[in-house]
Trainee: 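I am attaching a structure below and will ask some questions about it afterwards.
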Amino acid sequence: MVTETGVERLQNYVDGRWIDVAASQTQQVRNPATGAVIAEVPLGGAAEVDAAVQAAHRAYASWREVPPIQRARYLFEFKNLLEKNFEELAATLTREHGKTLHESRGSVRRGIECVEVAAGAPSLLMGMAIEDVATGIDCESIRQPLGVFACIAPFNFPAMVPLWFYPFAVACGNTFVCKPSEQVPLCQRFMFQLIEDAGFPPGVLNLVNGGKDVVNAILEHPLVEGVSFVGSSPVAAHVYRTAAEHGKRVQALGGAKNFLVVMPDAEMDKALDAITESAYGCAGQRCLAGSVVLAVGDAHDRVRDGLAQRARALVMGDGAQEGTDMGPVISATHRKKVLDYIDKGVAEGANMVVDGRERTSEEGFFVGPTLFDGVTPDMVIAKEEIFGPVLCVSTARDLDDALEIIRQHPLANATSIFTTSGKHARDFKYRVTASMTAVNLGVAAPMSFFGFGGAKGSFFGDLKAHGREAFDFFTDKKIVISRW
Ligand code: NAD
């Protein structure tokens, strides 16, 4: 459907059909590199969620009886279609999100890897059995699907994050409702066209566009068995509480403030290249983005000067242009939020080394790479998630001091150490509080066959996203004890 202004209005995908949504409220989707409106998304509510959940519930009865090997074949077909449409998907991602094509390709690839791992369900769903738990009595543990699951996604990985969940859920025999971020709904629209082409039975996978009303309706719907959420920590806490109150399984991945420790013995050039990519790649809008560098001992001056030189050299522009290192942030509202944090850092007395405010532009939602030095743990820019291209340099006396600074932060998503000392690396990974930890890498990103998720205020729940844990989250382990 096309609106009066010639912009496409998105539909929901429910019960195997694309349907118009009669929502009174809509939101414009913009290309962040130009500010141009590229689609309009209806902000539905409880009625749209109910239609999708009822369709998923109906489909569940027969989908759970489809043998796992056949369910996996639908995923193989979906994967083939994702491969065939790889470049177009990456271009769609860049157009709605603003990240570079290189980054978009990487995240579509990571999404496809989730489909590949989920297609291993026939092996990964196997249970356990033992004879003679007592004489003549046998016992088995069988993984069974539970019913309808749903995911609620953030704006920063529009193609990949929903794929952390629904391939695994349906491979296990559940049915699904996906709610993408209303800021970036186009990649999932594209993927659901491929899901339709892959021939999944109607109702197995459903797409509902919208904002918080859709989220709250999912959390309260009696037929939704479990919810996977990825987004900011305050919303993650709300989702965790509300879904649990309504008797659902829930895994809620929240925000981050990621510390990168640089020891004096680090291979400095490699470390600073990795930190620059971590902090400014995706314009700092990754939950794994480096946010505070803890320069240990006499590493400080080399860290500050090397990072300043690299930040200044980054090419900022439309992510669709080859050669761009860093695109815009997601929206005008978000740009203002990031700029307010930069002003706050200056007001708090941090030393401005590279000022990204000098590189904003009239067109698009750009903020230049920004580097602060002399940042102390009590400053707001050291405490709160900025989610933009702003990197803070702080100092730590030694590794113990660095670990203590990290321990005191309430968020604990990802972290890195740069060192040539095996002892320092081992101490760090043994003691650090963040649960995604890297040694000599700037982005501690677990692959799809491992679990993904943080600790403390960065994660609410117990079973993390993808990997083997997905098969625990999306199944019940039934115990059958038999005597004949
Ligand atoms: P967000 O919390 O604003 O939105 C996430 C989802 O929640 C969206 O689908 C949105 O529609 C919905 N939502 C927003 N406000 C709501 C409310 N009040 N009630 C109910 N639903 C609501 O997050 P975002 O800005 O889209 O994404 C960025 C955040 O996501 C950052 O904090 C980032 O660290 C985090 N993130 C975390 C991970 C991780 O693995 N831990 C991965 C990616 C992003």
Side-chain angles (χ1 to χ4, degrees), residues 25 27 29 32 41-46 49 96-97 99 107 110-111 114 150-165 177-185 187-188 207-220 227-243 250-258 282-291 329-331 333-335 337-338 341 384-388 410-415 434-436 443-446 448 450-461 464-467 469:
Q25 282 193 314
Q27 182 166 319
V29 182
V41 65
L43 301 177
V49 169
E96 69 175 344
H97 178 278
K99 62 178 75 182
S107 71
R110 288 270 171 154
C114 289
C151 78
I152 298 152
F155 79 80
N156 62 333
F157 283 95
M160 178 185 76
V161 164
L163 292 177
W164 288 357
F165 307 111
V177 176
C178 170
K179 192 212 84 73
S181 164
E182 63 276 38
Q183 300 192 79
V184 289
C187 280
Q188 285 310 312
L207 177 72
V208 178
N209 285 298
K212 64 179 186 340
D213 291 347
V214 167
V215 173
N216 290 328
I218 288 172
L219 301 180
E220 293 172 10
V227 176
S228 303
F229 171 87
V230 183
S232 58
S233 282
V235 184
H238 160 71
V239 166
Y240 184 65
R241 252 194 327 268
T242 314
V250 50
Q251 49 183 184
L253 284 70
K257 193 77 185 171
N258 301 321
C282 203
Q285 300 167 117
R286 293 185 193 133
C287 69
L288 302 176
S291 186
V329 297
I330 187 67
S331 64
T333 311
H334 192 55
R335 176 174 60 183
K337 185 175 161 195
V338 174
Y341 272 117
E384 295 184 10
E385 182 180 39
I386 300 174
F387 221 54
L411 300 177
N413 208 43
T415 188
S435 10
M436 293 181 278
V443 181
S448 52
F450 287 96
F452 192 116
K456 294 167 68 177
S458 294
F459 180 71
F460 303 82
K464 295 185 176 175
H466 63 54
E469 286 165 78

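Just so it is clear, the structure is predicted and the values come from calculations on it, not from any experiment. Counting starts at 1 for both ligands and their atoms, following the listed order.
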Trainee: So which atom in Phe387 and which in Asn156 form the shortest heavy-atom distance, rounded to 0.1 Å?
Mentor: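 Taking every non-hydrogen atom into account, CZ-ND2, 3.3 Å.
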Trainee: Distance check, rounded to the nearest 0.5 Å: Cys114 atom SG versus Phe452 atom CZ?
Mentor: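 The SG atom of Cys114 sits 10.0 Å away from the CZ atom of Phe452.
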Trainee: So which protein heavy atom does atom 14 (C) of ligand 1 come closest to, and at what separation?
Mentor: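 I find the closest protein heavy atom is Val235 CG2, 4.1 Å.
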Trainee: At what distance is the nearest protein heavy atom to atom 17 (C) of ligand 1, and which residue and atom is it?
Mentor: Lys212 CB, 3.7 Å
Trainee: Grab the two heavy atoms, one from Val29 and one from Glu182, that are nearest each other, plus how far apart they are.
Mentor: CG2-O, 4.1 Å
Trainee: Give me the atom names and distance for the closest heavy-atom approach of Thr415 to Ala444.
Mentor: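 It is O-CB, 4.0 Å.
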Trainee: Short N/O distance, under 3.5 Å, between Trp164 and ligand 1?
Mentor: no
Trainee: Measure Asn156 to ligand 1 on non-hydrogen atoms and call it side chain, backbone, both or neither using the 4.0 Å cut-off.
Mentor: side chain
Trainee: Can you name the closest pair of heavy atoms from Asn413 and Ser458 and give their distance?
Mentor: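 The pair with the smallest heavy-atom distance is N-OG, 3.4 Å.
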Trainee: Do Gln285 side-chain atoms and Ile330 backbone N/O form a donor-acceptor pair below 3.5 Å?
Mentor: yes
Trainee: Just heavy atoms, cut-off under 4.0 Å: does Phe387 contact ligand 1 by side chain, backbone, both, or neither?
Mentor: side chain
Trainee: Heavy atom under 4.0 Å from ligand 1: found in Pro234's side chain, backbone, both, or neither?
Mentor: neither
Trainee: What is the closest protein heavy atom to atom 36 (N) of ligand 1, and at what distance does it sit?
Mentor: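 Its nearest protein heavy-atom neighbour is Cys287 CB, 3.6 Å.
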Trainee: For atom 7 (O) of ligand 1, find the nearest protein heavy atom and state the residue, atom name and distance (0.1 Å precision).
Mentor: Phe229 CE1, 3.4 Å
Trainee: Would you please test Lys179 and Gln188 for side-chain contact (heavy atoms from CB on, under 4.5 Å) and show each step?
Mentor: CA-CA 9 Å; Lys179 192 212 84 73; Gln188 285 310 312; over 6 Å; no
Trainee: Can you tell me if Lys337 uses its side chain to pair, donor with acceptor, with the backbone of Ile386 under 3.5 Å?
Mentor: no
Trainee: Checking the N or O distance criterion of under 3.5 Å, is ligand 1 in contact with Gly255?
Mentor: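 There is no such contact.
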Trainee: Counting only heavy atoms closer than 4.0 Å, does ligand 1 sit against the backbone of Glu385, its side chain, both, or neither?
Mentor: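 The answer is the side chain.
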Trainee: Check this for me - ligand 1, Ser233, N or O atoms closer than 3.5 angstrom, yes or no?
Mentor: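 N/O-N/O distance below 3.5 Å does not exist for this pair.
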Trainee: For Gly231 and ligand 1, does the shortest N/O to N/O distance drop below 3.5 Å?
Mentor: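 It does: an N or O of Gly231 is found under 3.5 Å from an N or O of ligand 1.
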Trainee: For atom 40 (O) of ligand 1, which protein heavy atom lies nearest, and how many Å away is it?
Mentor: Phe452 CE2, 3.2 Å
Trainee: Quick one: are Trp164 and Arg110 in side-chain contact, heavy atoms under 4.5 Å?
Mentor: no
Trainee: For Phe229, enumerate each residue passing the ring pair (Phe, Tyr, Trp, His ring centres under 6.0 Å) test, keeping only those at least two apart in sequence or located in another chain.
Mentor: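 Residues passing ring pair (Phe, Tyr, Trp, His ring centres under 6.0 Å) with Phe229: none at all.
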Trainee: Identify, by atom number and element, the atoms of ligand 1 in contact range of Ile152, meaning under 4.0 Å from any of its heavy atoms.
Mentor: 6 (C), 7 (O), 9 (O)
Trainee: Over all heavy atoms of both residues, which pair between Pro32 and Glu96 is shortest? Give the atoms and the distance, please.
Mentor: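 Of all heavy-atom pairs spanning Pro32 and Glu96, the closest is CD-O, 3.5 Å.
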Trainee: Within the structure provided, determine whether Leu219 and Ile152 are in side-chain contact (heavy-atom separation under 4.5 Å).
Mentor: yes
Trainee: To check your reading of the model: name the closest protein heavy atom to atom 12 (C) of ligand 1, its residue, and the distance in Å.
Mentor: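 Going atom by atom, the protein heavy atom closest to atom 12 (C) of ligand 1 ends up being Val215 CG2, 3.9 Å.
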Trainee: With a 4.0 Å heavy-atom cut-off (strictly under), which part of Gln285 contacts ligand 1: side chain, backbone, both or neither?
Mentor: neither
Trainee: Mind checking whether Gly254 has a heavy atom under 4.0 Å from ligand 1?
Mentor: yes
Trainee: Can you find an N/O atom of Ala153 closer than 3.5 Å to an N/O atom of ligand 1?
Mentor: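 Ala153 vs ligand 1: N/O contact under 3.5 Å present.
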Trainee: Donor-acceptor pairs under 3.5 angstrom involving side-chain atoms of residues 208-215: please list them, not counting sequence neighbours.
Mentor:
{"residue": "Asn209", "atom": "ND2", "partner": "Gln11", "partner atom": "O", "Å": "3.1"}
{"residue": "Asn209", "atom": "ND2", "partner": "Asn12", "partner atom": "OD1", "Å": "3.4"}

Trainee: Heavy atom under 4.0 Å from ligand 1: found in Asn413's side chain, backbone, both, or neither?
Mentor: side chain
Trainee: Right, does atom 4 (O) of ligand 1 have protein non-hydrogen atoms nearer than 4.0 Å?
Mentor: no
Trainee: Starting from atom 10 (C) of ligand 1, what is the nearest protein heavy atom, named by residue and atom, and what distance separates them?
Mentor: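 Looking only at protein heavy atoms, the one closest to atom 10 (C) of ligand 1 is Glu182 OE1, 3.6 Å.
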Trainee: Among all protein heavy atoms, pick the one closest to atom 1 (P) of ligand 1 and tell me residue, atom and distance.
Mentor: Ser232 OG, 3.7 Å
